[in-house]
Amino acid sequence: MALDSAPTTGMAGILAKQKAAHIRDGIPSAAKRTEWLDKAIDLLITYNDELVDAMCQDFGHRSKDQSGFTDIAGSIGALKHAKKHVAKWMRPDKRKPEFPLGLLGARAEIQYQPKGVIGVISPWNFPVNLTFTPLAGVFAAGNRCMIKPSEFTEVTSEVMKKAIAQYYSDEEVAVITGGPEIGAEFTKLAFDHILFTGATSIAHHVMRAAADNLVPLTLELGGKSPVVLGRSADLQKAATRIMAGKALNAGQICLAPDYAFVPKEKTSDFVAAATKAIETMYPSGLKDNDDYTSIVNQRHYDRLMGYIDEAKSKGAEVIEINPTGENFSQQPHHKIPPHIIVDPSDDLKVMQDEIFGPILPIKSYSDTKDTIAYINAHDRPLGLYYFGEDAAEKDMVLNNTTSGGVTVNDVIMHVGQEDLPFGGVGPSGMGSYHGREGFMEFSHKKSVFTQTGSEMISMIRPPYGEKFRKQIQGRLKR
């Protein structure tokens with residue numbers, strides 16, 4: 001796609017065409033929105049194998065079973081949920097008119113109107129899911145869409161571009177591929193809303209570019225999502241679920257458990273339980289295991305190995321979980337076995353950056369209040385995870401911390417609940433989508449007041465009389 005900002009060509013031309021079609025065709029019916037959703041479902045089913053193969057190629061190796069679950073089935077679930085509920089979501093929300101401005105017979109309601117054209121900037125870590133799951137809300141709300149997928153997963157982006165062009169006209173949906181320069185130009189377009197999913201560092205640039213056109217934003221970012229492992233937790237069950245979340249997509253998940261608080265007296269037991277969990281999930285080893293995913297590219301591989309090397313060089317205890325003792329220095333792809341770093345100091349980069357890989361720092365604690373203080377001293381995370389059966393402790397952690405969302409006695413799972421909004425807070429994001437909240441995020445909530453035909457309303461117009469003054473006095477009462 002050429003870097004052409006002229007209004008009739010390039011990206012700007014596609015945006016102009018979609019905006020014109022939106023005005024020409026008016027607010028789409030529930031049937032039309034369902035048609036768009038059905039096409040997306042059929043596309044994912046038809047292109048399932050090609051998309052899964054493309055993701056595997058882009059990562060060097062990515063578990064095809066994982067891709068089928070997270071990216072294909074996960075997206076279809078979101079689209080089907082929207083299809084089931086779209087007609088109900090579209091209904092106006094009736095409100096109560098205020099007397100005396102609204103006399104008997106007046107009506108007040110909120111109408112949910114499509115914003116118009118939504119720009120979706122999707123990331124590389126779940127390239128299909130984080131393109132098509134947003135489309136559930138975009139289509140349900142009656143919008144058209146332009147998509148800029150990641151250049152890091154180039155093969156997958158090209159398959160999505162081809163498939164979407166087959167199922168939709170460019171008046172409905174268009175995919176714009178290319179590198180960072182294209183992405184920068186994309187964010188400068190005068191969309192009616194932008195959804196960006198990606199790194200907080202890039203979000204600053206997206207938000208600045210959007211500000212020039214006063215484009216509203218949904219930012220789905222990340223950060224360091226903590227785990228608080230309570231003393232009442234089943235240690236093996238908790239370790240298994242934490243490590244499953246850390247090993248899924250090799251930890252390349254915005255909601256991956258970033259670091260864990262472990263009771264001081266249970267640190268060694270947790271390491272043993274985490275090792276057992278990896279052994280159970282990957283009994284034949286990791287290096288050539290089809291279920292274990294590679295790091296997406298050399299840049300991110302070097303970044304993660306840099307965290308490990310720095311921790312070792314500064315004397316931290318670093319434990320490589322490599323049950324079969326494989327040599328990872330000789331491999332065709334960028335696989336890294338899970339690592340645990342015990343009680344790292346906060347000056348290490350692994351404790352400053354979002355890890356986005358299979359490395360789990362664990363911090364020993366004595367008092368749960370100390371874990372809360374630590375979490376509150378840092379940026380508000382996208383996710384927070386508590387393990388334990390102590391209801392009072394759980395409430396203390398949840399009530400005294402702020403995070404985008406929470407999963408109790410597991411990790412990541414709240415993102416898969418279509419009836420729960422998904423989003424961050426502060427540095428981990430703004431706005432939310434999924435399910436009804438996605439419909440509302442991409443809708444303009446238009447207030448509509450219909451006045452009664454009665455001219456009793458004239459009492460609020462000059463000349464003011466005693467009846468009017470009594471109404472005002474009635475408002476002044478406590």
Side-chain angles (χ1 to χ4, degrees), residues 63 224-251 253 255-289 291-293 304-305 307-312 314-328 335-346 348 350-351 355 357-368 370-371 374 383-390 393-394 397 407-413:
S63 167
K224 299 183 75 63
S225 297
V227 176
V228 177
L229 182 67
R231 288 181 169 83
S232 61
D234 181 318
L235 187 65
Q236 185 60 61
K237 186 181 291 185
T240 297
R241 294 179 180 186
I242 292 166
M243 296 311 294
K246 201 61 169 171
L248 179 68
N249 211 36
I253 308 174
L255 275 171
D258 192 274
Y259 64 99
F261 291 105
V262 179
K264 189 179 291 287
E265 69 276 11
K266 294 188 176 183
T267 301
S268 60
D269 291 338
F270 178 83
V271 172
T275 301
K276 181 180 178 182
I278 295 298
E279 288 173 345
T280 301
M281 287 187 286
Y282 306 99
S284 63
L286 298 159
K287 190 166 125 179
D288 299 314
N289 194 319
D291 292 338
Y292 194 65
T293 294
L304 291 164
M305 293 306 296
Y307 294 154
I308 294 169
D309 292 342
E310 183 196 33
K312 289 178 178 177
K314 292 190 175 180
E317 183 184 359
V318 179
I319 300 164
E320 178 181 303
I321 303 180
N322 183 2
T324 57
E326 296 168 293
N327 179 6
F328 279 83
K335 287 190 175 182
I336 298 176
H339 284 68
I340 291 176
I341 303 177
V342 180
D343 285 323
S345 57
D346 286 345
L348 295 180
V350 77
M351 291 308 298
I355 296 171
I359 304 168
L360 181 70
I362 60 173
K363 295 181 74 69
S364 303
Y365 76 93
S366 298
D367 191 325
T368 307
D370 295 336
T371 72
Y374 186 93
L384 182 142
Y385 309 116
Y386 172 81
F387 285 83
E389 302 303 323
D390 185 332
E393 183 180 66
K394 179 200 72 175
V397 172
T407 295
V408 176
N409 286 326
D410 209 336
V411 298
I412 302 172
M413 294 298 180

By salt bridge (charged side-chain N to carboxylate O under 4.0 Å, His left out) - contacts of Lys394 (at least two apart):
none
Name all pairs fulfilling the salt bridge (charged side-chain N to carboxylate O under 4.0 Å, His left out) condition that reach into residues 263-273, sequence neighbours left out, sorted by first residue then second.
Arg231-Glu265
Rounded to the nearest 0.5 Å, the CE atom of Met281 sits from the CG atom of Leu248 at a distance of 9.5 Å
State which residues pass side chain to side chain donor-acceptor pair (under 3.5 Å) with Ser345; sequence neighbours excluded, sorted by chain then number.
Asp347
Side chain to side chain contact (heavy atoms under 4.5 Å, CB included) filter on Asn249, not counting sequence neighbours, yields Phe59, Arg62, Gln66, Asn125, Phe126, Gln252, Ile253, Thr293
State the CD-CG distance between Glu317 and Asp343, to the nearest 0.5 angstrom.
8.5 Å
Non-hydrogen atoms of Tyr385 and Ile412 that approach each other most closely
CE2-N, 3.2 Å
For residues Phe261 and Leu229, determine if any side-chain heavy atom of one lies less than 4.5 Å from a side-chain heavy atom of the other.
no
For Val318 against Ala311, the heavy-atom pair lying closest together:
CG2-CB, 3.8 Å
Nearest non-hydrogen partners of Ile355 and Leu304, listed with the distance
O-CD2, 3.3 Å
Looking at Val411, is its backbone amide N or carbonyl O close enough to the side chain of Arg241 to form a donor-acceptor pair, meaning the two atoms are under 3.5 Å apart?
no
For Asp367, all residues meeting side chain to side chain donor-acceptor pair (under 3.5 Å), sequence neighbours excluded
none
Taking every heavy atom of Gly383 against every heavy atom of Pro226, the minimum-distance pair comes out as O-CD, 3.3 Å
Met305 CE: over 12 foreign heavy atoms closer than 6.0 Å:
yes
For the CD1 atom of Ile341 and the NZ atom of Lys314, what is their distance to the nearest 0.5 Å?
12.0 Å
Quick check: do Pro338 and Tyr292 have side-chain heavy atoms less than 4.5 Å from each other?
yes
Please check if any side-chain donor atom of Asp258 sits under 3.5 Å from a side-chain acceptor atom of Ser225, or the reverse.
no
Taking salt bridge (charged side-chain N to carboxylate O under 4.0 Å, His left out) as the test, write out the residues that go with Glu279, two or more places apart.
none
If you look only at pairs with a residue in residues 231-250, which of them pass as a ring pair (Phe, Tyr, Trp, His ring centres under 6.0 Å), with sequence neighbours excluded?
none
For Lys335 and Asn289, work out which heavy atoms get closest and say how close.
NZ-O, 2.9 Å
Under the rule for side chain to side chain contact (heavy atoms under 4.5 Å, CB included), what residues qualify as partners of Glu326, not counting sequence neighbours?
Leu286, Lys287, Asn322, Thr324, Phe328
Checking Thr280 now: which residues fulfil side chain to side chain contact (heavy atoms under 4.5 Å, CB included) with it, not counting sequence neighbours?
Lys276
Which atom of Met243 lies closest to which atom of Leu360, heavy atoms considered:
SD-CD2, 4.0 Å
Single hit among Val262, Ile242, Ile319 for side chain to side chain contact (heavy atoms under 4.5 Å, CB included) with Ile362:
Val262
Output all residues satisfying side chain to side chain donor-acceptor pair (under 3.5 Å) with Thr407, sequence neighbours left out; order by chain, then residue number.
His414
Looking at Ile359, is its backbone amide N or carbonyl O close enough to the side chain of Lys246 to form a donor-acceptor pair, meaning the two atoms are under 3.5 Å apart?
yes
Audit row: Phe270, Leu235, side chain to side chain contact (heavy atoms under 4.5 Å, CB included) steps and yes/no
CA-CA 7 Å; Phe270 178 83; Leu235 187 65; 4.1 Å; yes
Point-to-point distance, once rounded to the nearest 0.5 Å, from CD1 of Ile321 to OG1 of Thr275
4.0 Å
Determine, using ring centers only, whether Tyr365 and Tyr374 are less than 6.0 Å apart.
no
The test is side chain to side chain contact (heavy atoms under 4.5 Å, CB included); show your working for Tyr282 and Asp291 and say whether it passes.
CA-CA 8 Å; Tyr282 306 99; Asp291 292 338; 3.9 Å; yes
Sorted by chain and residue number, the side chain to side chain contact (heavy atoms under 4.5 Å, CB included) partners of Asp390 (sequence neighbours excluded) come out as Ser232, Tyr386, Ala392, Glu393
List the residues meeting salt bridge (charged side-chain N to carboxylate O under 4.0 Å, His left out) with Asp346, not counting sequence neighbours, and say none if there are none.
Lys363
